[in-house]
Amino acid sequence: MSPMCTFTEGSEMGPQDNKEFPFAPTDTATLPASAAEDSPLPDVIVKLAPESNTVEHCKVNSTTPSAETHISIGCQVVVPFLIAGMGMVGAGFYLDHVQDWEVFMKVPEIIILVPSLLGLKGNLEMTLASRLSTEANLGHMDDPKEQWSMILGNLTLVQCQAIVVGLMSAVVAIAMVAVTQQEFSLSHTLLLCSCSIITSSIASLLLGFITATVIVVSRYFNVNPDNVATPIAASLGDITSLILLSWVASILHDADDKFSWISSIIIGCYILVIPFWVFIAKKNKYTHSILYTGWTPVVVAMLIST
């Protein structure tokens, strides 16, 4: 390393002296020792020269990141917001198409699941995008090891929340039908629970990976992920959930005639795997606190949407 500062006594600090004075000065000046007390700090760092009556001033320049302009923000958000709008419109067209399918006609309770499952997009995926975007802007995702730990921990947490909330939304839908129409069908109950759990789990996993990928790529190209990740998660959430719900419900409804136990097996497997996701999320330092504090808003939002 080159010498960091030069003293007025004619001697230069050697490389071995860098540990004593580790600052990188941009400007130096010699003042009497009596001026040391009047020197402004921390803009100017004052150091006494050994065996001399002089001091040395080393100015430290601080760099401030450039702020985002209105034009840059507009350029970053316009395309994701257009994609989000088209995704929501496409979800509406798709729902109009599938509502005449046989499974929707014979099991009308599935329609009640649509708002709650679409609401998971805002309750889980968009909050996931906000958490990861904040961590990325703070620089916590610059280290690849920490990046993978953060992403996997959050995906595990989202899986746990999706399974629980998906099952709860199906139970609420069944209870509403039983109270309002005075009807109860065990086969419909199992079908609704299995469809809701599978849809919420797979949709959260797919959207979580897509959201994490968008945030990492945005960070690489120096784009604020807050302006990109959330609209993309919103655009893909509706159509993805609707496609999964319709196809899973149709497949399970057709298979229920031959394999009436398949819905029960699916529900049991997902319930058994919940402690595994909880264990992983609890061990992860980025999701440990959210595992305890993030349930109330999600459950309340699910109840309102249902």
Side-chain angles (χ1 to χ4, degrees), residues 84-126 159 161-207 233-271 273 298-306:
M86 290 187 293
M88 294 179 182
V89 172
F93 278 112
Y94 185 80
L95 179 60
D96 181 68
H97 170 69
V98 302
Q99 67 179 352
D100 296 327
W101 286 14
E102 181 182 1
V103 63
F104 284 88
M105 301 297 293
K106 291 186 176 181
V107 189
E109 296 92 337
I110 296 179
I111 294 295
I112 304 177
L113 289 178
V114 172
S116 60
L117 292 180
L118 297 188
L120 286 178
K121 166 205 66 180
N123 301 337
L124 300 181
E125 281 76 28
M126 294 175 69
Q159 274 296 294
Q161 292 178 331
I163 295 172
V164 174
V165 176
L167 181 60
M168 291 180 62
S169 62
V171 172
V172 171
I174 295 165
M176 292 176 62
V177 172
V179 171
T180 57
Q181 301 181 8
Q182 301 296 321
E183 294 180 0
F184 178 79
S185 174
L186 180 60
S187 61
H188 288 186
T189 300
L190 296 176
L191 179 63
L192 284 178
C193 292
S194 58
C195 290
S196 181
I197 292 176
I198 294 176
T199 301
S200 58
S201 176
I202 297 178
S204 297
L205 183 63
L206 292 176
L207 294 174
S235 64
L236 297 177
D238 290 339
I239 189 66
T240 303
S241 299
L242 277 178
I243 292 175
L244 286 172
L245 177 62
S246 60
W247 282 99
V248 169
S250 180
I251 293 172
L252 291 180
H253 182 266
D254 294 339
D256 191 56
D257 296 334
K258 298 179 180 179
F259 310 100
S260 58
W261 44 266
I262 189 170
S263 296
S264 303
I265 295 297
I266 292 173
I267 296 171
C269 291
Y270 270 103
I271 292 177
V273 83
V298 174
V299 173
V300 172
M302 181 273 298
L303 294 175
I304 294 174
S305 61
T306 303

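Only this structure's heavy atoms are used, side chains among them; waters, hydrogens and symmetry mates stay out.
At a threshold of 4.5 Å between non-hydrogen side-chain atoms, the residues Ile198 and Leu244 do not count as touching.
Here Ile267 pairs with Leu190, Cys193, Ser194, Ile197, Ile271 under the side-chain contact (heavy atoms from CB on, under 4.5 Å) rule; sequence neighbours left out. The side-chain contact (heavy atoms from CB on, under 4.5 Å) test applied to Val273 returns Ile163, Phe276, Trp277, not counting sequence neighbours. With sequence neighbours excluded, no residue forms a side-chain hydrogen bond (donor to acceptor under 3.5 Å, both in side chains) with Asp100. Contacts of Trp101 classified as side-chain contact (heavy atoms from CB on, under 4.5 Å), with partners at least two apart in sequence or in another chain: Tyr94, His97, Val98, Val103, Phe104, Ser246, Trp247, Ser250. Here Gln161 pairs with nothing under the side-chain hydrogen bond (donor to acceptor under 3.5 Å, both in side chains) rule; sequence neighbours left out. Every residue two or more places apart in sequence or in another chain was checked for a side-chain hydrogen bond (donor to acceptor under 3.5 Å, both in side chains) with Thr189, and none qualifies. Under the side-chain hydrogen bond (donor to acceptor under 3.5 Å, both in side chains) criterion, Ser185 pairs with Ser187, sequence neighbours left out. Residues forming a side-chain contact (heavy atoms from CB on, under 4.5 Å) with Val300 (at least two apart in sequence, or on another chain): Thr296, Ile304.
Distance check, rounded to the nearest 0.5 Å: OH of Tyr270 to CD of Gln159 gives 7.0 Å. Remark: Cys195 SG to His188 NE2 distance equals 11.0 Å, nearest 0.5 Å. The CD1 atom of Ile251 sits 9.5 Å away from atom CD1 of Ile262, with the distance rounded to the nearest 0.5 Å. For the atom pair CD1 (Ile174) and CD1 (Ile112), the distance works out to 9.5 Å, reported to the nearest 0.5 Å. The CD1 atom of Ile110 sits 12.0 Å away from the CE atom of Met105 when rounded to the nearest 0.5 Å. Rounding to the nearest 0.5 Å places CG of Leu206 at 9.5 Å from CD of Glu125.
Judged as a salt bridge (Lys or Arg N to Asp or Glu O under 4.0 Å), the pairs with a partner in residues 103-119 (not counting sequence neighbours) are, in order, Glu102-Lys106.
The heavy-atom pair separating Leu117 from Ser241 by the smallest distance is O-OG, 3.9 Å. For the residue pair Leu236 and Ile239, the shortest heavy atom distance occurs at O-CG2, 3.6 Å. For the residue pair His253 and Leu191, the shortest heavy atom distance occurs at N-CD1, 4.0 Å. What you find for Thr199 and Leu245 is that their closest heavy atoms are OG1-CA, 3.4 Å. For Ala173 against Leu113, the heavy-atom pair with the smallest separation is CB-CD2, 4.1 Å.
At distances below 3.5 Å, at least one donor-acceptor pair connects side-chain atoms of Ser200 with backbone N or O atoms of Ala162. Listed for the Ser169 side chain is a donor-acceptor partner under 3.5 Å among the backbone atoms of Gly166.
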- Message: Checking Leu252 against Ile266 for the side chain to side chain contact (heavy atoms under 4.5 Å, CB included) test, could you report, in this order, the C-alpha distance in whole Å, the side-chain angles of both residues, the deciding distance, and whether it holds?
- Response: CA-CA 10 Å; Leu252 291 180; Ile266 292 173; 3.8 Å; yes
